[in-house]
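We number each residue from 1, following the sequence as shown.
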Amino acid sequence: MLIHHIQLHMNPKATTLFSRAWLFHLFYFLIMLLCSCRQSDFGAGHLFRATSAETVSSPTAYDFDQDGRLEIVIGSFDENCYMLDDSLRDLAGWPQSCPGGFFSSPALWDVDRDRTPEIFIGGNDGKFYGWHFEGALVPGFPIDLGFQCWSSPMIVADSLIAIGGYEKMFLFDRHGRAAAHWPQALNGWASASAAWHDDLLTISTLTRGETSRGYLYAWHLSGKPYPNFPLRLKMDSDSSPVLADVDNDGKMEIIVGDDGGFLHVFKLDGSELQPFPRLVGEAIQGSVAIADLNQDDILDFVFGTTDGAIHVWNAIGDCALGWPVRTGHEINGSPALVEIENGEWHIVIGSGDHRLYVLHPEGKNEEGFPVDCGEAIYSSPLVIDLDGNGRREIVVGANNGIHLFEDVLPPSPVQSRALEWNMFRQNPQRTGTLPNSLSFRRIL
């Protein structure tokens, strides 16, 4: 548009003086100038990388080049999957691209067992991509899933990778070959991501164009459904199910929200753990994050709703004091939950009101927050020490690009790190499972 405007205001003779290359460099310079102006609106310690379309994918991080500093991996609707250093600069060989970009969030899996994980992500072009750190495609990938993919991949037992699709649930081995007895049929489409523990794989679905048909599936890894599954939900479910031993009986429960605003806690026989379901507000579209926020040996469920509320409910069905906290605009992303040195937990979540929130368990804002990012935030944040200096950064996508907040939070106690929910789906494998029961915590 800018180049066309320049050409319209030049006579034909003058136009011949401008090569396409010159116009490209002029256009690039002006775009970079605009981006730098937008970046200057943010304060010290708030780094920003503009993207030309919304970034709703959720980041993960790993020290791929083994230099002691973590690299960030995140997709965007601008057709790019980025690998960035802790200054938000591209690494060699990146970004990688696909038509239509990425809603899906990347998962990490060391498929070739060289101690450096590969990057896997679903594309809006219907293909399932896998890249090595240097940017080369993993053999066997991409895989054509046949339909637009919003589900995020999930690693199963370091031997398989799962991803939801349109009317199919896929499970592949490290060579990109379908696992025995997979794919399995789905009703509808999985914009949600799967969760896994032991011999349980679960995912929720929605029916495109309708609001009254959502399903929850649970299979053994053999492809055999659990008894009484699939379950029909009150409404569609964009919310990715998560797994935890809620009642401390040694068995996992499935926690999931739906577009009717119901929070569900299902047992593996298909019944609901009482007193669930709970009607908590409008649609729950992000996945629930889980922690024992107040150290009372009862798990707490943290999530947002499309009426702009951040909720904390405990596993016995009570809304926590001081909640919900209202932001004024819809929340579609999932929270990160992190513990700091004094044993207090913090809740980190973005909102459609352009703000990133860091909240204490009683609902009060952390000093210096919320912070305005300039556009809506529907990505789920990552909280991690990127540069190894002992303080943690926050990385999150927004509709204007990728934001990084430097040295925001102190480190967590060593014994709590496995229990933190510091990114979308709890870990870089995106398993969506709280790894230890409360009985494990009592032993520490």
Side-chain angles (χ1 to χ4, degrees), residues 57 75 98-107 109 111 120-130 138 140-157 159-197 199-233 235-243 254 256 258-259 266 270 285 287 425 429-432:
S57 174
C98 88
F102 303 92
F103 177 94
S104 176
S105 298
W109 183 25
V111 293
F120 295 88
I121 191 169
N124 287 354
D125 61 350
K127 293 181 180 178
F128 182 23
Y129 290 88
V138 174
F141 292 83
I143 301 168
D144 192 346
L145 302 182
F147 195 79
Q148 177 186 34
C149 182
W150 280 22
S151 181
S152 299
M154 185 271 296
I155 313 307
V156 177
S159 60
L160 298 167
I161 188 164
I163 192 165
Y166 180 63
E167 297 185 343
K168 291 180 180 179
M169 180 70 209
F170 297 94
L171 200 58
F172 299 104
D173 67 14
R174 63 184 63 245
H175 304 290
R177 300 174 301 206
H181 310 298
W182 297 87
Q184 289 290 323
L186 295 176
N187 284 309
W189 180 59
S191 71
S193 302
W196 162 77
H197 175 76
D199 191 34
L200 169 64
L201 182 68
T202 180
I203 199 167
S204 54
T205 68
L206 57 85
T207 303
R208 291 169 66 88
E210 299 183 25
T211 59
S212 59
R213 293 179 60 199
Y215 296 88
L216 179 67
Y217 287 82
W219 299 275
H220 297 274
L221 294 185
S222 66
K224 180 181 178 181
Y226 273 74
N228 303 315
F229 284 86
L231 302 174
R232 183 162 180 168
L233 301 174
M235 290 182 71
D236 277 352
S237 181
D238 303 90
S239 175
S240 301
V242 298
L243 298 170
I254 304 171
V256 67
D258 67 27
D259 283 1
F266 290 104
Q285 297 199 336
S287 63
R425 313 300 291 151
Q429 295 76 39
R430 309 297 193 188
T431 58

Fill in the blank from the handout: For Ala218 and Ile254, the nearest pair of non-hydrogen atoms, with its separation, is CB-CD1, 4.3 Å
Problem - Check: Tyr217 main-chain N/O paired with Thr202 side-chain donor or acceptor under 3.5 Å - result: yes
Exercise for the section: Report yes if the side chains of Arg430 and Pro153 come closer than 4.5 Å at any heavy-atom pair, otherwise no. Expected result: no
Exercise for the section: Could you tell me whether the side chain of Ser287 and the main chain of Ser239 form a donor-acceptor pair under 3.5 Å? Expected result: no
Practice task
Go through the steps for Asn187 and Arg232 under the test side-chain contact (heavy atoms from CB on, under 4.5 Å), then give the verdict.
Solution key: CA-CA 10 Å; Asn187 284 309; Arg232 183 162 180 168; over 6 Å; no
Practice task
Evaluate the side-chain proximity of Ile203 to Trp219: yes if any heavy-atom separation is below 4.5 Å, no if none is.
Solution key: yes
Exercise for the section: With the side chain counted from C-beta on, respond yes when Leu186 and Tyr215 share a heavy-atom pair under 4.5 Å apart, and no when they do not. Expected result: no
Handout entry: Greater than 12 external heavy atoms within 6.0 Å of Tyr226's OH
Key = yes
Handout entry: Heavy-atom check, side chain of Val156 versus side chain of Leu171, under 4.5 Å
Key = yes
Exercise for the section: State, with a plain yes or no, whether a side-chain heavy atom of Thr205 is found less than 4.5 Å away from one of Tyr166. Expected result: no
Exercise for the section: Work out which heavy atom in Tyr129 is nearest to a heavy atom in Cys98; give both atom names and the distance. Expected result: OH-CB, 3.2 Å
Problem - Heavy-atom neighbours of His220 NE2 exceed 12 at 6.0 Å - result: yes
Fill in the blank from the handout: Rounded to the nearest 0.5 angstrom, the CG-OG distance for Leu145 and Ser151 is 9.0 Å
Practice task
Measure the shortest side-chain to side-chain distance between Trp189 and Thr207 over non-hydrogen atoms and say whether it is less than 4.5 angstrom.
Solution key: no
Completion exercise
When rounded to the nearest 0.5 Å, the distance separating CZ of Phe147 from NZ of Lys168 is 12.5 Å
Handout entry: Parallel, tilted or perpendicular: rings of Trp150 and Phe103 (30°, 60°)
Key = parallel
Exercise for the section: State, with a plain yes or no, whether a side-chain heavy atom of Ile163 is found less than 4.5 Å away from one of Met154. Expected result: no
Practice task
Write down the atom of Ser240, the atom of Val256, and the distance for their closest heavy-atom approach.
Solution key: C-CG2, 4.5 Å
Handout entry: Separation between CG of Leu216 and OG of Ser204, rounded to the nearest 0.5 Å
Key = 6.5 Å
Practice task
State whether a side-chain donor-acceptor pair under 3.5 Å links Ser237 with Asp258.
Solution key: no
Practice task
Could you pull out the closest heavy-atom pair between Ser159 and Arg174, with the gap in Å?
Solution key: CA-NH2, 4.0 Å
Handout entry: Student check: side-chain heavy atoms of Gln429 and Trp109 closer than 4.5 Å
Key = no
Practice task
Measure the acute angle between the ring planes of Phe172 and Phe128, then classify it against the limits of 30° and 60° as parallel, tilted or perpendicular.
Solution key: tilted
Exercise for the section: Give a yes or no answer on whether the side chain of Asn228 reaches the backbone of Gly270 with a donor-acceptor pair at less than 3.5 Å. Expected result: no
Completion exercise
Output for pair (Asp144 CG, Asp125 CG), nearest 0.5 Å, gives 8.0 Å
Practice task
Carefully, step by step, assess Val242 and Arg425 under the rule side-chain contact (heavy atoms from CB on, under 4.5 Å).
Solution key: CA-CA 8 Å; Val242 298; Arg425 313 300 291 151; 3.2 Å; yes
Exercise for the section: For the pair Phe102 and Asn124, evaluate side-chain contact (heavy atoms from CB on, under 4.5 Å) and give the outcome as yes or no after the intermediate values. Expected result: CA-CA 6 Å; Phe102 303 92; Asn124 287 354; 5.7 Å; no
Practice task
Please confirm whether the backbone N or O of Ser152 pairs with a side-chain atom of Ser193, one donor and one acceptor, at under 3.5 Å?
Solution key: yes
Exercise for the section: Kindly give the heavy-atom pair with the smallest separation between Gly432 and Ala195, and that separation in Å. Expected result: O-CB, 4.0 Å
Practice task
Could you tell me the separation between the CG atom of Leu243 and the OG1 atom of Thr431, rounded to the nearest 0.5 Å?
Solution key: 8.5 Å
Exercise for the section: Over all heavy atoms of both residues, which pair between Ser57 and Ser105 is shortest? Give the atoms and the distance, please. Expected result: OG-CA, 3.4 Å
Practice task
With rounding to the nearest 0.5 Å, note down the distance linking CG in Asp259 to CG in Asp236.
Solution key: 5.5 Å
